[in-house]
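All values derive from a computational prediction rather than experimental measurement. Every chain is numbered from 1, with letters handed out A, B, ... down the list of sequences.
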There are 2 protein chains.
Amino acid sequence: MKDLPKISEAEWQVMKVLWDKSPLTANEIVDQLANNTEWNPRTIKTLLNRLMNKNALGIQQDGRVYWYYPLVSKEECARSERESLLKRVYNGALQPLLAAFLEEQKLSNEEIDELKQILEDKGKSK
Amino acid sequence: MKDLPKISEAEWQVMKVLWDKSPLTANEIVDQLANNTEWNPRTIKTLLNRLMNKNALGIQQDGRVYWYYPLVSKEECARSERESLLKRVYNGALQPLLAAFLEEQKLSNEEIDELKQILEDKGKSK
DNA sequence: TATTTTTGATTACAAATGTAATACATTAAA
DNA sequence: TTTAATGTATTACATTTGTAATCAAAAATA
């Protein structure tokens, strides 16, 4: 498995915009983020550059405008974050982590049923 | 809810030792960590100092030896980390997070049953 | 054509983090 | 009592991160 770039908290915001839709120009990304953040557009440009340097984003140049797109998938980055939490906080013990999530947070009945279904299937496949 | 100190990756290692057993002297902590890390004892002293400055650890002085103990509970720090992941990566959507954890990781049949039980109980309590 | 505007590139700067080294004070040993 | 060892406090230094400002080049405009 290729080694993923480490994506910081602020960078995650930017990546999420591009995972949602890409390629986008810097200005389009700035517009998207204007809804969720108070960042100066300069700040966003900086984050875009850092993400390019980390090989998390690629560009496609059209004249002097860049179109940015992800070079890593959201799912692989998400997995890396999940594993990081699991290991750092729970020493890799999945059950306690899940139990804590389940007990604390609110889930709809539908969601509960979906999760039960996943567990059923896992139980059977053994 | 009191505002928790932000505990870094390396600091988590130290805190886990003390959550497991406390109070401990710096040397005892160093000994514990010798098993899991390659850190220089100086490094560990630095981390202990930073954690004290963050009010994550307190000390009880005995002569010139300090006995360190946690000022924040593991559970509240763990919750903070869970929430951070949930929000940063999943925009707060719990079900997809849990589904991803469940699908990817390996759980024993017993663990699966325990989780099903938790889900049952949650379903009922609505 | 000279000037302003726009877009990306480079530089800035403080705080946090990883990873120690050095300094200082006190106790134990010679 | 002087010296060495031990424990804590202070200082160090590079990298990452948050948050921009400035610079340079190209395009649009006067």
Side-chain angles (χ1 to χ4, degrees), chain A residues 3-18 23-34 36-69 77 80-81 84-85 87-89, chain B residues 3-18 23-34 36-69 77 80-81 84-85 87-89:
Chain A
D3 48 328
L4 289 175
K6 259 175 232 132
I7 293 174
S8 79
E9 182 107 10
E11 289 164 354
W12 258 93
Q13 301 273 110
V14 176
M15 291 302 290
K16 281 197 288 190
V17 169
L18 285 160
L24 294 177
T25 66
N27 282 341
E28 289 170 328
I29 297 167
V30 166
D31 289 346
Q32 286 295 312
L33 288 170
N36 318 313
T37 74
E38 298 292 309
W39 291 337
N40 189 302
R42 311 302 177 83
T43 300
I44 298 173
K45 305 291 180 71
T46 298
L47 293 172
L48 287 171
N49 265 311
R50 287 186 184 164
L51 287 165
M52 281 192 47
N53 290 335
K54 289 180 180 187
N55 288 313
L57 293 181
I59 56 169
Q60 190 181 332
Q61 199 163 355
D62 174 20
R64 62 198 191 109
V65 174
Y66 286 4
W67 294 83
Y68 294 85
Y69 57 90
C77 291
S80 164
E81 297 284 346
S84 164
L85 174 72
K87 184 159 187 207
R88 175 165 23 97
V89 178
Chain B
D3 49 328
L4 290 174
K6 259 175 231 129
I7 293 174
S8 79
E9 180 107 14
E11 289 164 354
W12 259 92
Q13 301 273 110
V14 175
M15 291 302 291
K16 282 198 288 190
V17 168
L18 285 161
L24 294 177
T25 67
N27 282 340
E28 289 171 328
I29 296 167
V30 166
D31 288 347
Q32 286 295 312
L33 288 170
N36 318 312
T37 74
E38 298 292 310
W39 291 337
N40 190 302
R42 309 304 176 85
T43 299
I44 297 172
K45 304 291 179 71
T46 298
L47 293 171
L48 287 171
N49 266 310
R50 287 185 183 163
L51 286 165
M52 281 191 47
N53 290 335
K54 290 180 180 185
N55 289 312
L57 293 182
I59 56 170
Q60 191 181 332
Q61 199 162 355
D62 174 19
R64 63 200 188 109
V65 174
Y66 286 3
W67 293 82
Y68 295 85
Y69 56 89
C77 291
S80 163
E81 297 284 346
S84 163
L85 174 71
K87 184 158 186 208
R88 174 165 24 97
V89 177

Practice prompt. Would you kindly check whether a donor in the side chain of B:R64 faces an acceptor in the base of C:dT27, or vice versa, at under 3.5 angstrom?
Written response: no
Worksheet entry | Whole-Å gap separating C1' (C:dG8) and CD (A:Q61) | 9 Å
Worksheet entry | Integer-rounded Å distance: D:dG7 P and B:L48 CG | 13 Å
Worksheet item: Which residue lies toward the 5' end of DNA chain C, A:R50 or A:V65, if each is placed at its nearest nucleotide?
Response: A:V65
Practice prompt. Using atom CG of B:D31 as one end and atom P of D:dT6 as the other, report the distance to the nearest whole Å.
Written response: 13 Å
Fill in: Protein-nucleotide distance (A:L51, atom CG; D:dT16, atom P), rounded to Å
14 Å
Practice prompt. Return no unless some side-chain N or O of B:N27 is found under 4.0 Å from OP1 or OP2 of D:dG7.
Written response: yes
Worksheet item: If you measure only the distance, is there a donor-acceptor pair under 3.5 Å linking the side chains of B:W67 and B:Q61?
Response: no
Practice prompt. Answer yes or no: does a side-chain N or O of B:K6 lie under 4.0 Å from OP1 or OP2 of D:dG18?
Written response: no
Discussion item. By the 4.0 Å heavy-atom rule, please label A:S8 as base, sugar-phosphate, or nothing.
Written reply: sugar-phosphate
Fill in: salt bridge (charged side-chain N to carboxylate O under 4.0 Å, His left out) assessment of A:E81 paired with B:R88
CA-CA 10 Å; A:E81 297 284 346; B:R88 174 165 24 97; 2.6 Å; yes
Discussion item. Within the structure provided, determine whether B:C77 and B:W12 are in side-chain contact (heavy-atom separation under 4.5 Å).
Written reply: yes
Practice prompt. Please state how far atom CD in A:E11 lies from atom P in D:dT19, giving the value in whole angstrom units.
Written response: 12 Å
Worksheet entry | Nearest-nucleotide 5' precedence on DNA chain D, B:Y68 against A:T46 | B:Y68
Item to complete: Using a strict cut-off of less than 4.0 Å between a Lys/Arg side-chain nitrogen and an Asp/Glu carboxylate oxygen, indicate whether A:E11 and A:K6 qualify as a salt bridge.
Response: no
Item to complete: Indicate, with a heavy-atom threshold strictly under 4.0 Å, whether B:N49 touches base, sugar-phosphate, or nothing.
Response: base
Practice prompt. Kindly say if B:W39 contacts the phosphate of C:dT19, meaning a side-chain N or O under 4.0 Å from OP1 or OP2.
Written response: yes
Discussion item. Taking the side chain as everything from C-beta on, heavy atoms only, tell me whether A:L33 gets closer than 4.5 Å to A:W39.
Written reply: yes
Worksheet item: Considering only side-chain heavy atoms of B:A26, which listed nucleotide, C:dG8, C:dA20, D:dT8, is closest?
Response: D:dT8
Worksheet item: To the nearest angstrom, how far is B:E9 atom CD from D:dT17 atom C1'?
Response: 15 Å
Worksheet item: If only side-chain N and O atoms of A:K54 are considered, is one of them under 4.0 Å from the OP1 or OP2 phosphate oxygen of D:dT17?
Response: yes
Discussion item. Can you measure A:Q60 atom CD to C:dT7 atom P for me and round it to whole angstrom units?
Written reply: 18 Å
Item to complete: Report yes if at least one side-chain N or O of A:T43 is closer than 4.0 Å to OP1 or OP2 of D:dA20; otherwise report no.
Response: yes
Practice prompt. Please state how far atom CH2 in A:W12 lies from atom P in D:dG18, giving the value in whole angstrom units.
Written response: 14 Å
